[in-house]
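Starting off with a structure, shown below.
Here the structure is a predicted model, which means the values were calculated and not measured.
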Amino acid sequence: MERKSTLNVGVAQVDSVLGDVQTNAKTHKRYIREARQAGVELLLFPELSLTGYCVGDHIVDLALDRDHPLIHELAEEAGDLCVVIGFIEEGVAAQFHNSAIAVKDGRVVFIHRKLNLATYGDLEEGKHFAEGRYFETFEVQKPWRAGVLICADSWNPALVDLANMHGMTLFLNPVASAQGAVGGQFSNPDGWRKAVDFYAMIYGVPTIFANFAGTELGAHFWGGSRIVDPYGQTLCEAGQEEAFIHAALDYEDVKRARYRLPTLRDSNLDLVMRELNRLSWRIGIPEESRRV
């Protein structure tokens with residue numbers, strides 16, 4: 001595949017109808033068409049964009065497997081555009097996952113299952129979903145390699161570090177962030193702004209942050225979807241309403257940012273792995289479970 005330095009990326013900040021997969025699929029198709037007309041090559045939707053976030057114990061009725069006809073419809077609509085969609089996945093052994101699925105050219109090219117299930121504040125994901133068990137990246141087009149972390153995944157810095165160690169050059173961050181969901185003195189909009197800017201800058205990784213607009217069962221989603229360059233600078237940003245934003249990224253900027261701030265180059269992976277094994281031994285994790 002020919003290398004292409006620039007990549008046009010977009011976010012569909014949707015106001016999904018809670019529990020109405022068919023209506024939400026129509027919205028997805030509309031934004032896919034708009035993105036293709038704008039020359040976008042990768043389009044990111046928020047976490048659980050096909051169902052809405054506050055699904056509670058309706059997940060069994062709303063779940064789709066990766067071969068469901070609706071997934072194939074969206075993949076066909078995508079054409080040569082890579083589209084990343086949030087959905088409830090019916091996985092193996094009747095397990096249900098909060099997943100992000102990438103489709104392109106009529107087929108599924110990648111799935112990420114949420115690793116950190118937020119179960120604090122007003123959040124109860126651990127009661128409903130099975131956690132993911134692995135992390136991988138996928139090639140969008142040479143030299144762009146995307147990693148996906150869903151919402152609370154990004155609040156574990158070790159997972160962001162792992163994603164970058166896997167060769168991620170584009171960070172996809174679909175979320176469902178509502179005002180006051182954590183509680184106390186925490187501000188979700190302020191917290192996400194700091195985290196996204198920090199990760200983009202410290203790793204030299206362009207970041208696409210996709211949040212919901214609208215309200216579900218009293219949860220107010222504040223929007224604020226952004227596309228951030230590898231220096232941590234915002235290229236474009238949505239307000240609180242439903243919106244489509246897009247921007248062009250250049251791999252030359254990634255190379256220059258990583259040369260000037262070589263976080264990945266200077267990471268001592270051998271030390272990290274050795275210390276993780278030593279820590280696992282100290283806290284009694286069986287050897288067969290802690291080998292890396």
Tell me the closest heavy-atom pair linking Met168 and Arg258, and the distance in Å.
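Taking every non-hydrogen atom into account, O-NH2, 2.9 Å.
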Given ring-ring contact (aromatic ring centres under 6.0 Å, His included), test His112 with Phe110 step by step and report yes or no.
CA-CA 7 Å; His112 171 75; Phe110 179 77; 7.0 Å; no
Can you confirm whether the side chains of Glu125 and Tyr53 place a donor and an acceptor under 3.5 Å from each other?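 Looking only at side-chain atoms, Tyr53 and Glu125 do form a donor-acceptor pair, the distance falling under 3.5 Å.
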### Query
CG/Asp253 to OG1/Thr6 distance, rounded to the nearest 0.5 angstrom?
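So the CG of Asp253 and the OG1 of Thr6 are separated by 11.0 Å.
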key: Residues which pass ring pair (Phe, Tyr, Trp, His ring centres under 6.0 Å) with Tyr203, listed by chain and number, not counting sequence neighbours   =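 Ring pair (Phe, Tyr, Trp, His ring centres under 6.0 Å) check on Tyr203 returns nothing, list empty.
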- prompt: If you measure only the distance, is there a donor-acceptor pair under 3.5 Å linking the side chains of Glu47 and Asn98?
  reply: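 Yes, because at least one side-chain N or O of Glu47 sits under 3.5 Å from a partner of the opposite role on Asn98.
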Open item on the list: So, using ring pair (Phe, Tyr, Trp, His ring centres under 6.0 Å) as the criterion, who are the partners of His128 when residues are at least two apart?
Closed with: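 So His128 forms no ring pair (Phe, Tyr, Trp, His ring centres under 6.0 Å) with any residue.
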Flag if over 12 foreign heavy atoms under 6.0 Å of OH, Tyr120: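 Result for OH/Tyr120: enclosed.
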task = Mind checking the OG-CG spacing from Ser99 to Asp65? Nearest 0.5 Å is all I need.
result =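 CG of Asp65 is found 11.5 Å from OG of Ser99.
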- [ ] Decide whether Arg145 and Thr169 meet the rule of one side-chain donor and one side-chain acceptor closer than 3.5 Å.
- [x]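 On atom types as modelled, these side chains do not qualify, holding no pair under 3.5 Å.
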I need the minimum non-hydrogen distance between Val140 and Lys104, along with the two atoms involved.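 Closest heavy-atom pair between Val140 and Lys104: O-NZ, 3.6 Å.
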Assign the ring pair Tyr31 / Phe244 to parallel, tilted or perpendicular, where the plane angle (0 to 90°) is split at 30° and 60°.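 Correct class here is tilted.
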- Query: Using a distance-only test with no angle check, is there a side-chain donor-acceptor pair under 3.5 angstrom linking Asn211 and Ser177?
  - Reply: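 Distance-only check fails for Asn211 and Ser177.
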